[in-house]
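Computed from a predicted structure; not experimentally measured. Ligands are counted one by one from 1 in listed order, and the atoms in each one are counted from 1 as well.
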Amino acid sequence: MIYTVTLNPSIDYIVEVDHFQLDHLNRIDRESKFPGGKGINVSRVLNTIDVPSKALGFVGGFTGGFIQDTLENEGVQTDFVKVQDDSRINIKLKTGEETELNGQGPALTAENIEELNNKLEALQEGDILVLAGSIPPSLPNTFYSELTQKFSARGVKVVVDAGGKILAEVLQDKPFLVKPNHHELSELFGTKITTVEEVIPYGKKVVEMGAQNVIVSMAGDGALLFTNGEVYTATIPKGKVLNSVGAGDSLVAGFIGTYSKEQDFVKAFQTAVATGSATAFSQDLATKEKIDSLMDQVVITKL
Ligand SMILES: Nc1ncnc2c1ncn2[C@@H]1O[C@H](COP(=O)(O)OP(=O)(O)OP(=O)(O)O)[C@@H](O)[C@H]1O
Ligand SMILES: O=P(O)(O)OC[C@@]1(O)O[C@H](CO)[C@@H](O)[C@@H]1O
């Protein structure tokens, strides 16, 4: 079974304003609401490609109710811990540019955290655990690292999608997969990485630091997979970007969904990139039809 953990779920409120003016009353031209948070996005895309998963994390209030109901109506299994305060609303403002305003999210009590830890006890050897997104202030920055240590020792494949200190901290715990984008990779090494060639030595270093597999995404400019001592690059499909929110999460879902069915890293990488782009070219997350239509444009090369 694949379990996703979203410690700070959200309603993603996507608002489009064609002629946005700061310091004025602006009227919204188009708006939509989706359940969000990185692990939840992974679960929603897995559901789309017919791979079951269970979404864990903390939800609260009327916003938490929307998140849980929408997921269950779509057919995503959930087992959330209920918290006192409202889940956050993250505003994604599209004005030609994309501006994101992410909320802080509810406070978590020691009981809430214990309840999540108890639910995680169900994980067994062979399961996949996806830890994705920011860690709220009520939890220590080492939370993913502790879970990675504990569950890797149990034979669970742990996937971590986070940047900054969380990524740096977790590598020593030998996660199955990490997926930094090139900005997160730059931050990890205190340098500026802009080209596929520049990514290569740093991707290898992430493997040396402990990650079993590494995908470095570069939005429309390429993606690289480091696995079993080999490096692969992928071409990225061309198209009109409608929504890049969740593209990285979709890439993760495409990878683990395909890997869990076929245990083929290269096929999983190709599907991953097609899935990320399928989301980038859609208003909501990727659909199966869109993913299938992009597969041929993703050419994988072994370096
Ligand atoms: N402009 C684009 N054109 C085509 N595909 C894209 C574009 N942007 C993103 N993608 C697809 O989504 C994947 C992940 O994108 P990106 O590198 O932006 O990840 P990310 O920074 O984790 O994303 P996010 O945080 O927005 O979810 C890319 O590998 C690619 O497949
Ligand atoms: O605040 P975090 O946890 O870092 O990111 C949360 C978030 O921006 O990430 C997802 C896209 O990847 C969105 O659904 C959600 O709003």
Side-chain angles (χ1 to χ4, degrees), residues 4-14 32-45 55 57-58 63 67 70-71 87-93 98-105 130-137 139 143-144 159-164 166-167 178-187 193-194 196 199 215-225 232-255 269-282 284-286 290-291 294-295 297-300:
T4 63
V5 173
T6 311
L7 298 174
N8 207 347
S10 55
I11 294 180
D12 287 350
Y13 181 42
I14 301 176
S32 43
K33 301 175 203 75
F34 300 109
K38 295 187 195 302
I40 285 174
N41 292 337
V42 173
S43 275
R44 290 185 73 214
V45 175
F58 303 101
T63 42
I67 294 166
T70 311
L71 291 175
S87 292
R88 62 187 171 154
I89 297 174
N90 290 348
I91 301 167
K92 314 292 176 180
L93 174 63
E98 284 184 3
T99 305
E100 300 186 58
L101 285 167
N102 283 8
Q104 289 192 357
V130 180
L131 305 171
S134 56
I135 298 181
L139 284 162
F143 194 66
Y144 284 172
V159 178
V160 181
D161 185 7
I166 304 173
L167 173 63
V178 293
K179 191 223 69 69
N181 60 32
H182 60 299
H183 303 296
E184 289 162 338
L185 193 68
S186 300
E187 192 189 344
I193 301 166
T194 51
V196 168
V199 168
I215 295 179
V216 180
S217 63
M218 307 176 74
D221 297 329
L224 298 95
L225 168 69
Y232 297 86
T233 58
T235 56
I236 306 293
K238 297 265 173 283
K240 186 169 187 300
V241 175
L242 297 180
N243 166 40
S244 71
V245 174
D249 312 329
S250 302
L251 183 148
V252 170
F255 187 85
F269 182 43
Q270 185 191 19
T271 314
V273 172
T275 309
S277 297
T279 287
F281 302 156
S282 307
D284 189 5
L285 299 176
K290 193 90 190 164
I291 299 166
L294 297 176
M295 282 294 280
Q297 288 190 54
V298 184
V299 179
I300 307 294

**Item:** Residue of the set Asn90, Ile91, Ile67 for which side chain to side chain contact (heavy atoms under 4.5 Å, CB included) holds with Ile11
**Value:** Ile67
**Prompt:** In order of chain and number, which residues sit within 4.0 Å of ligand 1 by heavy atom?
**Reply:** Lys179, Asn181, Ser217, Met218, Ala219, Gly220, Ile236, Pro237, Val241, Ser244, Gly246, Ala247, Gly248, Leu251, Val273, Gly276, Ser277, Ala280, Phe281
**Message:** For Ser186, give me all partners under side chain to side chain contact (heavy atoms under 4.5 Å, CB included), at least two apart in sequence or on another chain.
**Reply:** Ile193
**Asked** Checking side-chain contact (heavy atoms from CB on, under 4.5 Å) for the pair Phe34/Val245: CA distance, chi angles, key distance, verdict?
**Response** CA-CA 11 Å; Phe34 300 109; Val245 174; over 6 Å; no
**Request:** Give the intermediate values and the outcome of side-chain contact (heavy atoms from CB on, under 4.5 Å) for residues Val196 and Asp221.
**Result:** CA-CA 8 Å; Val196 168; Asp221 297 329; over 6 Å; no
**Prompt:** For ligand 2, what is the set of protein residues having any non-hydrogen atom at a distance below 4.0 Å?
**Reply:** Ser10, Asp12, Gly36, Gly37, Lys38, Asn41, Arg88, Asn90, Lys92, Glu100, Asn102, Gly133, Ser134, Val245, Gly246, Asp249
**Prompt:** Going through the checks in order, is the side-chain contact (heavy atoms from CB on, under 4.5 Å) test met by Arg44 and Leu71?
**Reply:** CA-CA 7 Å; Arg44 290 185 73 214; Leu71 291 175; 3.5 Å; yes
**Item:** Flag, side chain of Thr6 to backbone of Ile40, donor-acceptor distance under 3.5 Å
**Value:** yes
**Prompt:** Do Ser282 and Asp284 have side-chain N/O donor and acceptor atoms under 3.5 Å apart?
**Reply:** no
**Asked** Can you list the residues that meet the side chain to side chain contact (heavy atoms under 4.5 Å, CB included) rule with Val298, with sequence neighbours excluded?
**Response** Ala234, Pro237, Gln270, Val273, Ala274, Ile300
**Prompt:** So, Tyr144 side chain and Gly133 main chain: donor-acceptor pair closer than 3.5 Å or not?
**Reply:** yes
